Each structure stands twice: as structure tokens, then as C-alpha cells.
Amino acid sequence: MRLTILGGGGFRVPLVYGALLGDRAEGRVTRVVLHDLDPARLTAVTRVLAEQAAGVPDAPEVIATTDLDEALRGADFVFSAIRVGGLRGRADDERVALAHGVLGQETVGAGGIAYGLRTVPVAVDIARRVARLAPDAWVINFTNPAGLVTEAMSRHLGERVIGICDSPVGLGRRIARVLGANPGEAWIDYVGLNHLGWVRGLRVAGRDELPRLLADPVLLGSFEEGRLFGVDWLRSLGAIPNEYLHYYYFNREAVHAYRQAEKTRGAFLLDQQAGFYERAARADGSALAAWDRTRAEREATYMAENRETAGAGEREADDLSGGYEKVALALMRAVARDERTTLILNVRNQGTLHALDADAVIEVPCLVDANGAHPVAVAPLPEHATGLVCAVKGVERVVLAAAGSGSRATAVKAFALHPLVDSVNVARRLMEDYAEVHPGLAYLR
């Protein structure tokens, strides 16, 4: 089976390849094609993968190419993890937004809109090429903003594109762990959009254990979300929000912390990864060891400003191991081998949330088999959550309209309508500044 990874020179590719090395079953991935626009990054990552595969019998063959069509032909699965504009683009997204006093996070608020406007045209081109060159392939999208990009691609690939994110997996794992439950045996009632969802229940042997957690302030304050959001707020919500909702519930504090930080997250990663790729390219050291050290630092500093604002302390050791590669592998196994499983994924709504239309991509538990991912029926969200989901989905739809039409006025509308952008005039200035720093937005007229 052939897996093509778009963004194949990306820093997290070794996580995916490492997961593949442990898969010895029939029907496994035997060839991995890495595609990237940067040959130097491809070379560095290929070196890491070669060290990972050393001594592993029948390790998947690795091929690297800068030719997109060549990479897609014959693919059984396409894993999309591209970053349009690179980490420099992310750093600019953050810097421009913060200069106007609004959040510049990668997927949330103004930064997420700017990233989406750059990314959607590229993602749509990829979807069209997949439909033409590998019509039987399944696309697993991790490209951010994951929900928005998955919806853009689904307009050309239908149900054959599925979005994944490690955030709900990590949240469910933490809740199960603190309750003394096996995450693999727990049903997680999680509903929302990508980076905008809530755990409303966690069932073990048919019993919902979340009320027990919410009733115990010591237990509730003992894990990351309890410290991040505060025990009283979680008990008021009656649910555990995805960590990204901290940007909504504590927006002023988050913006202040990010403006006070020495570097934005994007700027930090830009410098950090530049150092890694430089070290990995040298022949006098271990590329894998350099990658391991860099990854450990990356995971430990994740959402550091938010945790500092909330007094949440350091991340726990169990949360430093990533997770999206496990979701991707489980998804591929379920589809390729009909190994039926349940995963939290980004898929078309299909009537799951009545407040949204059938084609809206949402993030919910899905039953996965050889025919793809099927969203599970869920109870309605409370009004406050429904309002936020509808508002953000409305913004995503305007971003898609702007990307499809090339209308700059429509792009301004997307900024202005977002709940975390508080002024039409700010939205106009954001558009002006983003257009100035991002060549990828030149199509907006």
C-alpha cells in the first residue's frame, strides 16, 4: 500500500513514519512518498527516517520528490500536512494580528483566517489533482485550519477526505486517565468544530463518569484543562472544553500574554526548526537525535503563554508524546482493512448537528470502516456552544467564498464577522497588512 505525505519535509513526518514501522500486519503501508517544495527539508527528513528504519525488517520504502503529480499517482492514501507560507507565514500572521490588539493564533481568530485564505486555494488544487490522478485514494487532512481546509477539499472529494486532529484525542486521554479509566475502553462524547469542541461525557461500561469528575474539585483541578480553565468555570459549563477554547473564554488575557511574550509561537518554531534542519543536513551527527531533542522542546512549550496566564504549570510527561500519527494510522487501518473503530474526526455533518447544514464539516465521534467515516448521532449542544459554533462556521463559509471568488471585500467580511475581531475598521486594517506581507494573498482583489 502506498502512502503519499504532502508536506513531506515537515517536522512531524517522523512521527507518522515511526508509527508505520510498528505496523506488521498484512495490507500495511510498504511505500511512503514524501512531497515537499523544499528539497533541503526533504533531504533532512529523509535522513531522520533512514535512521528510524535502521534494523527494522521490511521498513516502508521512502521516496522523496518535489513533483506533486508524481507524488499523487498511484497513491492509496494521501496525508496532507502542508503549510502554505511556511513558519515565516505563521509568525507574520501572529505579529500582524497582535499589532492590532487581536489574537493571532494559527487557527483561531485573525491569524486562522489569514492562514485559511492562503491555504484554501492550494488545498483545492490538491483536491482536484487527487480526483484526477488518484481517484480511489483517501485523503487524510491535517493541514490547518483543519476543519476549514477539510470542508474546502470535500467539495471536490466528497466523503473521501477526512480531517484529523490530535487535540480531542489528548483531551479524552487526560480525562480518562484522571478518572482511572482505560482510554481505549471509554466512549468520549465530544462535539463541535476543529479546535472548538467540548467533552460532555465519558462513558465506561455504559456509565457516564464525567459527573463524578465535575463534582470533585480536587480531581477536576488535577489535569491540564482543569488548571487551564479553572475548576469553577468547568463546573459552570458542565463540560470540558477543547484547550483552544481558552482563546475565546480568556481572550483578553491570552492577547495580553502573547503581546508580552519575547516571541510568538510561530517565531519560536521558526527559529527552533531552522536550527534542526541545519543540524540534520550535516553528515557528522545523528539527524534522528537532533529531531528527538527538538521535538521534546516543541511539545514542552506548547501553549506556554496560556498555561502561564492560568497558572497551569508545566505539561505532564504523558502529554508530550503527540498523538495525531496514531489517529492517522488507526484511520488508515480501519479503511484499508475494514478494522472497524471509533475515532473523533472532521467529517461532513450529514444531519448530526441540526444547527448546521449537511455539508458543514464538524468534529465528532465517527464509526470508521472500509466505506469511510460515519458521524455518530449526538445530543444538541447547549445554546451558548451552538451560537459559537454557528458563528465560527459562518466565518469559515465566508473564507471559502472569498477564496473561491478572489474578493478582497469578502475576505474583510470574514475578519469582521469573527467573534474575536471587535471592529470592522480593525478587519480592514488586518486585510491591508496581511496583503502586504503575504504574497499568497495577491489573488484577493
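No hydrogens, no waters, no symmetry mates; every other heavy atom, side chains included, goes into these values. This structure is a prediction, so every number in the text was calculated from the model and none was measured.
Between Asp92 and Arg95, at least one side-chain N (NZ, or NE/NH1/NH2) sits under 4.0 Å from a carboxylate O, which counts as a salt bridge. A salt bridge between Glu159 and Arg348 is present, with a side-chain N of the basic residue lying under 4.0 Å from a carboxylate O of the acidic one. Remark: Lys326 does not engage Asp166 in a salt bridge, criterion side-chain N to carboxylate O under 4.0 Å. Ion pairing of Glu432 with Arg429 is absent here, as no side-chain N (NZ or NE/NH1/NH2) approaches a carboxylate O to less than 4.0 Å. Ion pair Arg118/Asp93 flagged as a salt bridge, since at least one NZ, NE, NH1 or NH2 atom sits closer than 4.0 Å to an Asp/Glu carboxylate oxygen. Salt bridge Glu243/Arg174: present, at least one basic N to carboxylate O contact under 4.0 Å. Of the charged side-chain nitrogens involved, at least one lies within less than 4.0 Å of a carboxylate oxygen, so that Arg83 and Glu106 count as a salt-bridged pair. Salt bridge Glu185/Arg203: absent, no basic N to carboxylate O contact under 4.0 Å.
Residues Glu325 and Ala19 come closest through the heavy atom pair CG-CB, 4.1 Å. Closest of all the heavy-atom pairs between Val231 and Pro217 is CG2-O, 3.7 Å. The shortest non-hydrogen separation linking Val347 to Ala373 is CG1-CB, 3.8 Å. The minimum heavy-atom distance between Val120 and Ala403, with the atom names listed, is CG1-CB, 3.6 Å. When every heavy atom of Arg128 is checked against every heavy atom of His156, the shortest pair comes out as NE-CE1, 3.4 Å. For Arg41 against Gly10, the heavy-atom pair with the smallest separation is NH2-CA, 3.7 Å.
The aromatic ring centroids of Tyr434 and Phe415 lie less than 6.0 Å from each other. If you look at Trp233 and Tyr249, their ring centroids are closer than 6.0 Å.
Between Leu98 and Thr264, some side-chain heavy-atom pair lies under the 4.5 Å cut-off. Side-chain contact between Thr294 and Phe11: present, with at least one pair of heavy atoms (C-beta onward) separated by less than 4.5 Å. Between Asp189 and Asp208 the shortest side-chain heavy-atom distance does not fall below 4.5 Å. Counting heavy atoms from C-beta on, the side chains of Leu331 and Ile164 come closer than 4.5 Å. Residues Pro365 and Leu343 are not in side-chain contact: their nearest non-hydrogen atoms beyond the backbone lie 4.5 Å or more apart. Two residues are said to be in side-chain contact when any heavy atoms from C-beta on lie closer than 4.5 Å; Val376 and Cys366 fail this criterion. Using a 4.5 Å heavy-atom cutoff, the side chains of Val169 and Ile344 are not in contact. Looking at heavy atoms from C-beta onward, Val149 lies out of side-chain contact with Tyr115 at the 4.5 angstrom threshold.
Side-chain N or O atoms of Thr150 include none that pairs as donor or acceptor with a backbone N or O of Ile162 at under 3.5 Å. Side chain of Glu363 to main chain of Gly197: no donor-acceptor pair is present (N/O by atom type, distance under 3.5 Å, no hydrogens or angles). No donor-acceptor distance shorter than 3.5 angstrom exists from the side chain of Lys263 to the backbone of Asp271, with no hydrogens or angles considered. Put simply, the side chain of His100 never gets that close to the backbone of Val102: no donor and acceptor are under 3.5 Å apart. No donor-acceptor pair under 3.5 Å is formed between the side chain of Asp216 and the backbone N or O of Arg212. Between the side chain of Arg12 and the main chain of Leu15, no donor-acceptor pair closer than 3.5 Å is present. Listed for the Thr4 side chain is no donor-acceptor partner under 3.5 Å among the backbone atoms of Leu72. Although no hydrogens or angles enter the test, the distance criterion places a donor-acceptor pair under 3.5 Å between the side chain of Thr143 and the main chain of Ile82. The closest donor-acceptor contact from the side chain of Thr119 to the backbone of Gly116 lies at 3.5 Å or more, if one exists at all. Arg200 places a side-chain N or O within donor-acceptor distance of the main-chain N or O of Ala379, the cut-off being under 3.5 Å.
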Fill in: Worked check of side chain to side chain contact (heavy atoms under 4.5 Å, CB included) between Thr342 and Trp187
CA-CA 9 Å; Thr342 303; Trp187 174 268; 3.3 Å; yes

Discussion item. Run Val33 and Ile5 through side chain to side chain contact (heavy atoms under 4.5 Å, CB included) and show every step you take.
Written reply: CA-CA 6 Å; Val33 180; Ile5 302 179; over 6 Å; no

Item to complete: Apply side chain to side chain contact (heavy atoms under 4.5 Å, CB included) to the pair Leu444 and Leu117, showing each step before the final yes or no.
Response: CA-CA 9 Å; Leu444 293 170; Leu117 288 168; 4.2 Å; yes

Discussion item. Using the rule given for side chain to side chain contact (heavy atoms under 4.5 Å, CB included), can you reason through Ile240 versus Leu202, listing the C-alpha separation, both sets of side-chain angles and the distance that settles it, and then say yes or no?
Written reply: CA-CA 10 Å; Ile240 312 297; Leu202 188 138; over 6 Å; no

Worksheet item: What do the steps show when you test Glu297 against Gln272 for side chain to side chain donor-acceptor pair (under 3.5 Å), and what is the final call?
Response: CA-CA 9 Å; Glu297 182 184 28; Gln272 186 208 44; 3.0 Å; yes

Fill in: From CA spacing to verdict: salt bridge (charged side-chain N to carboxylate O under 4.0 Å, His left out), Glu151, Lys393
CA-CA 11 Å; Glu151 186 163 331; Lys393 178 54 69 176; 2.7 Å; yes

Discussion item. Please evaluate residues Tyr190 and Asn242 with respect to the criterion side chain to side chain donor-acceptor pair (under 3.5 Å), reporting the C-alpha separation (whole Å), side-chain torsions for both, the decisive distance (0.1 Å), and the verdict.
Written reply: CA-CA 9 Å; Tyr190 180 95; Asn242 182 294; 3.0 Å; yes

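How far CG of Leu42 is from OH of Tyr277: 9.0 Å, rounded to the nearest 0.5 Å. Expressed to the nearest 0.5 Å, how far CD1 of Ile113 lies from CG of Leu148 amounts to 9.5 Å. Taken to the nearest 0.5 Å, the CZ atom of Arg173 stands 10.0 Å off from the CD1 atom of Ile188. With rounding to the nearest 0.5 angstrom, the OG atom of Ser407 is 9.5 Å from the NZ atom of Lys413.
Across Val178, Leu179, Ile175, a single residue satisfies side chain to side chain contact (heavy atoms under 4.5 Å, CB included) together with Glu209, and that is Leu179.
No hydrogens or angles considered: a donor-acceptor pair under 3.5 Å links the side chains of Thr107 and Gln105.
Ring geometry for Phe250 against His246 counts as parallel: the plane angle stays under 30°, on a 0 to 90° scale with 60° as the upper cut.
Legend: residues meeting side-chain hydrogen bond (donor to acceptor under 3.5 Å, both in side chains) with His374, ordered by chain and number and at least two apart, are Asp369. A search for side-chain hydrogen bond (donor to acceptor under 3.5 Å, both in side chains) contacts involving Asn349 returns nothing, not counting sequence neighbours. Listed by chain and residue number, Arg428 satisfy the side-chain hydrogen bond (donor to acceptor under 3.5 Å, both in side chains) test with Asn425 (two or more places apart in sequence, or in another chain).
The number of heavy-atom neighbours closer than 6.0 Å to NE2 of His354, taken from other residues, nucleotides and ligands shown, is 12 or below. Annotation: Arg340, atom CZ; neighbour count of heavy atoms from other residues, nucleotides and ligands within 6.0 Å does not exceed 12.
Stacking of Arg295 on the aromatic ring of Trp291 is recorded, both the 6.0 Å distance cut-off and the 45° axial limit being met. A cation-pi arrangement is present between Arg160 and Trp138 under the rule of less than 6.0 angstrom and at most 45 degrees off the ring axis.
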